[in-house]
Amino acid sequence: MENAQEPRWLDDEEDQAWIALVSVLMRLPAALDSQLQRDAGVSHFEYQVMAGLSLAPERTLRMSELAAFVEGSLPRLSQVVGRLEKRGWVHRSPDPTDGRYTVATLSDEGYDRVAAAAPGHVETVRASVFDALTRAQVRQLTAIGRRIVGAIDPDHPLVTGTVDRLRPKK
C-alpha cells in the first residue's frame, strides 16, 4: 500500500495571509450587501446586474454577456433578473439580432435606482478597501488579484488581457 503524500501545509506567513484573505472574502460581501440593502433595498449582486446594464448601449445586454460581467452563473442571473423584473427595474426579451438569445434591459426606473445607489456604494467601497491602502498597495492588490484569478481560471479575461470584454460596451 502506498503512503499518501503529506499535504503541503501552510507556513506561518502563508497561514496569516490566508486568514487575512478569508476574512476579507467573508466580511467585504456582507458589508457591501448591508449598505446596499439599507440604502437602496437591493443586494450587491442585484446592484452589479443593474450597474452592468446601466453601462451598456441602450442599457441592454445578452444574458450570457451580463453573466460574465457579474461573474455569475446563468441560472443565478436568471433568478435575480426575474426578481428585478417583478420590481419593474429590468425586463427580458428575445435578442432582436438573434432570437436564440435573451437580452436584459434596464428600465428608466431601474436606472434611477442604480444611479441613486451608486454614491453610497462607491463610498462604502472606498472606505472599506481603498482608504486603507497606499497607491502602491492598490497596484499590488491588482497584481495579486490577477495572479490568484489566474491560478483558479487561466482563461479569465483578467489573466488573458481581455478584461474589457467583461465590461459592457459603451
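Nothing here was measured: the structure is a model prediction, and the numbers come from that model.
L25 and L133 are not part of a single hydrophobic cluster, where members link through side-chain heavy atoms under 4.5 Å apart. Cluster membership for F69 and L106, using ILVMFWY side-chain heavy atoms within less than 4.5 angstrom, is shared. One hydrophobic cluster, built from ILVMFWY side chains closer than 4.5 Å, cannot hold both V149 and V24; they sit in different ones. Note on L84: it clusters hydrophobically with V70, by side-chain heavy-atom contacts below 4.5 Å among ILVMFWY residues. In terms of hydrophobic clustering, with Ile, Leu, Val, Met, Phe, Trp and Tyr side chains grouped at heavy-atom distances under 4.5 Å, L21 and M26 are assigned to a common cluster.
Considering only heavy atoms from C-beta on, H91 stays 4.5 Å or farther from V81 through its side chain. Looking at heavy atoms from C-beta onward, H44 lies out of side-chain contact with P29 at the 4.5 angstrom threshold. Between V42 and W89, some side-chain heavy-atom pair lies under the 4.5 Å cut-off. Side-chain contact between D153 and V159: absent, with no pair of heavy atoms (C-beta onward) separated by less than 4.5 Å. Contact check for T105 versus L53: no side-chain heavy atoms found under the 4.5 Å cut-off. Looking at D108 and R59, their side chains come closer than 4.5 Å, going by heavy atoms from C-beta outward. Contact of the T102 side chain with the S93 side chain is not registered, since no non-hydrogen atoms from C-beta on lie closer than 4.5 Å. In this structure the side chain of M63 reaches within 4.5 angstrom of the side chain of L74, judged on heavy atoms.
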Tell me, with the steps shown, if R62 and T97 meet side chain to side chain contact (heavy atoms under 4.5 Å, CB included).
-> CA-CA 11 Å; R62 283 184 176 171; T97 63; 3.7 Å; yes
Please report the C-alpha distance between F45 and R76 in whole Å, then the side-chain angles of each, then the deciding distance to 0.1 Å, and finally whether the side chain to side chain contact (heavy atoms under 4.5 Å, CB included) criterion is met.
-> CA-CA 10 Å; F45 193 78; R76 180 180 184 201; 3.5 Å; yes
Should L141 and V129 be marked as a side chain to side chain contact (heavy atoms under 4.5 Å, CB included) after you check the CA-CA gap, both sets of side-chain angles, and the distance that decides it?
-> CA-CA 10 Å; L141 179 60; V129 178; 4.2 Å; yes
Would you please test S78 and R92 for side chain to side chain donor-acceptor pair (under 3.5 Å) and show each step?
-> CA-CA 10 Å; S78 185; R92 286 180 276 197; 3.0 Å; yes
Please lay out, stage by stage, how H121 and V125 fare under the test side chain to side chain contact (heavy atoms under 4.5 Å, CB included).
-> CA-CA 6 Å; H121 175 65; V125 168; 3.8 Å; yes
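Using modelled atom types, one finds a donor on one side chain and an acceptor on the other under 3.5 Å when comparing Q35 with D39.
Looking at T124, its side chain never comes within 3.5 Å of a backbone N or O of V122 through a donor-acceptor pair. A donor-acceptor pair under 3.5 Å is formed between the side chain of T142 and the backbone N or O of V138. Checked by atom type and distance alone, the side chain of E14 pairs as donor or acceptor with a backbone atom of D11 at under 3.5 Å.
When all heavy atoms of L28 and S128 are compared, the pair lying nearest together is CD1-CB, 3.9 Å. Heavy-atom minimum distance, V90 versus A104: CG1-CB, 4.1 Å. Nearest approach of A115 to P119, heavy atoms of both residues: O-CD, 3.3 Å. Closest of all the heavy-atom pairs between L61 and G52 is CD1-O, 4.1 Å. When all heavy atoms of V114 and S54 are compared, the pair lying nearest together is CG1-CB, 4.0 Å.
Once rounded to the nearest 0.5 Å, the distance linking CZ of R113 with OG of S107 reads 10.5 Å. Note: E123 CD to F130 CZ = 12.5 Å, rounded to the nearest 0.5 Å. Taken from CG in L36 to OH in Y47, the straight-line distance is 7.0 Å, to the nearest 0.5 Å. Rounding to the nearest 0.5 angstrom, the gap separating the CH2 atom in W18 from the OG atom in S23 is 10.5 Å. Of the inter-residue distances, the one linking H156 atom NE2 with L158 atom CG reads 5.0 Å to the nearest 0.5 angstrom. To the nearest 0.5 angstrom, Q37 atom CD is 12.0 Å from L32 atom CG.
D95 and R100 are not joined by a salt bridge, as no carboxylate oxygen comes within less than 4.0 angstrom of a charged side-chain nitrogen.
The neighbour count for D131 CG, taken as heavy atoms of other residues, nucleotides or ligands under 6.0 Å away, is above 12. Annotation for R8: atom CZ does not count as buried by contact number, only 12 or fewer foreign heavy atoms lying within 6.0 Å. When the shell of 6.0 Å around CZ of R126 is examined, it contains 12 or fewer heavy atoms from other residues, nucleotides or ligands.
Shown here are the salt bridge (Lys or Arg N to Asp or Glu O under 4.0 Å) partners of R83, two or more places apart in sequence or in another chain: E46.
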